[in-house]
Amino acid sequence: QVQFVESGGGLVQPGGSLRLSCAASAITLDYYAIGWFRQAPGKEREGVSCISSSDGSTTYADSVKGRFTISRDNAKNTVYLQMNSLKPEDTAVYYCAASYCSGAGPLAYGNYWGQGTQVTVSS
């Protein structure tokens, strides 16, 4: 059974940093592109970043470019999202999922969503 477990969220001050982790079971992440998504209160889910399975190429939403970095550690079967210079508008529940990395952002497939991890940026 495919399962994703997101962790690393929490409460942070504006300008602070967090590192989110996406750990997978029942699949080997080497073979999959992984996307990070977020859903803020009252808003629809949006794609944040994506990392490919082959060459490790990455994409970012314009709103997070230059502040967030996605990476993967295949030995740990884990994908990370390093978030720096956090803003209140980054507040959301963050999810990871197997995805296609398109030019318009990640497109999740398979309906294998994790439980999400809450990120709250507030003074």
Side-chain angles (χ1 to χ4, degrees):
Q1 182 177 343
V2 176
Q3 184 174 349
F4 295 98
V5 178
E6 300 95 339
S7 62
L11 175 65
V12 66
Q13 299 273 70
S17 298
L18 288 171
R19 187 183 69 177
L20 306 185
S21 297
C22 172
S25 62
I27 64 169
T28 301
L29 290 186
D30 308 41
Y31 306 140
Y32 295 88
I34 301 295
W36 280 100
F37 303 79
R38 67 186 182 187
Q39 187 165 22
K43 295 186 177 181
E44 295 184 350
R45 185 178 297 153
E46 64 174 342
V48 175
S49 185
C50 198
I51 186 166
S52 71
S53 62
S54 54
D55 61 358
S57 61
T58 59
T59 63
Y60 299 92
D62 288 342
S63 59
V64 307
K65 195 171 298 181
R67 300 188 296 118
F68 291 10
T69 303
I70 190 171
S71 62
R72 67 193 307 150
D73 185 342
N74 290 335
K76 299 290 186 182
N77 217 35
T78 301
V79 172
Y80 303 97
L81 185 67
Q82 178 67 45
M83 307 186 298
N84 299 325
S85 302
L86 283 163
K87 305 175 180 179
E89 49 263 45
D90 296 318
T91 296
V93 178
Y94 284 72
Y95 303 88
C96 61
S99 302
Y100 300 104
C101 294
S102 76
L107 298 173
Y109 65 87
N111 204 31
Y112 298 121
W113 293 97
Q115 83 285 357
T117 185
Q118 174 70 234
V119 171
T120 302
V121 185
S122 176
S123 60

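Computed from a prediction, not measured in an experiment: that's the story for all the values here.
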So which heavy atom on Gln82 is nearest to which on Ser17, and how close?
NE2-CB, 4.0 Å

Closest contact, heavy atoms only, Gly47 versus Pro106:
CA-CG, 3.8 Å

Quiz question: by atom type and distance under 3.5 Å, do the side chains of Asp73 and Thr78 form a donor-acceptor pair?
no

Please indicate whether Tyr112 has more than 12 foreign heavy atoms, meaning atoms of other residues, nucleotides or ligands, lying under 6.0 Å from its OH.
no

Salt-bridge criterion met for Arg72 and Asp30 (N-O under 4.0 Å):
no

Heavy-atom distance under 4.5 Å between the side chains of Glu46 and Gln39, does that happen here?
no

Are Val64 and Ile34 connected into the same hydrophobic cluster when the rule is that any two of I, L, V, M, F, W, Y join if their side-chain heavy atoms are below 4.5 Å apart?
yes

Tell me, do Leu29 and Lys76 make a side-chain contact under 4.5 Å, heavy atoms counted?
no

What closest approach, in Å, do Ile51 and Cys101 show between heavy atoms, and which atom pair accounts for it?
N-SG, 3.6 Å

Determine whether Ile70 and Met83 make a side-chain contact, defined as any pair of heavy atoms from C-beta on separated by less than 4.5 Å.
no

Hey, any chance Leu86 and Leu20 share a hydrophobic cluster, counting ILVMFWY side chains that come within less than 4.5 Å of each other, even indirectly?
yes

Pairs meeting criterion side chain to side chain donor-acceptor pair (under 3.5 Å) with involvement of residues 114-123, two or more places apart
Gln118-Thr120

Would you call Lys65 and Asp62 a salt bridge, taking side-chain N to carboxylate O under 4.0 Å as the test?
yes

Which value, rounded to the nearest 0.5 Å, describes the distance between Cys96 atom SG and Glu6 atom CD?
4.0 Å

Considering all heavy atoms, the nearest Thr69-Tyr60 contact:
CA-OH, 3.3 Å

Would you name the heavy atoms of Ser99 and Ala97 that are closest together and state the gap between them?
OG-O, 2.9 Å

Distance in Å, Lys87 NZ paired with Arg67 CZ, rounded so as to fall on 0.5 Å steps
4.5 Å

Would Arg45 pass as a cation-pi partner of Tyr95, given that its NZ or CZ must be under 6.0 Å from the six-membered ring centre and within 45 degrees of the axis?
yes

Is there a path of hydrophobic side-chain contacts, each under 4.5 Å between heavy atoms of I/L/V/M/F/W/Y residues, joining Trp113 to Val2?
no

For the hydrophobic clusters of this structure (ILVMFWY residues joined by side-chain heavy atoms under 4.5 Å, transitively), does one cluster hold both Val79 and Tyr100?
yes

Classify the side-chain pair Tyr80/Arg19 by whether it contains a donor and acceptor separated by less than 3.5 Å.
no

So, for Phe68 and Trp36, is the gap between ring centers shorter than 6.0 Å?
no

When you look at OH of Tyr109, are more than 12 heavy atoms from neighbouring residues, nucleotides or ligands closer to it than 6.0 Å?
yes

Quick check: closest heavy atoms across Ala98 and Phe4, and the distance to 0.1 Å?
N-CZ, 3.7 Å

To the nearest 0.5 angstrom, please state how far the CG atom of Asp90 sits from the OG atom of Ser63.
7.0 Å

Hydrophobic cluster membership, with links at side-chain heavy-atom distances under 4.5 Å among I/L/V/M/F/W/Y: are Val12 and Leu81 in one?
yes

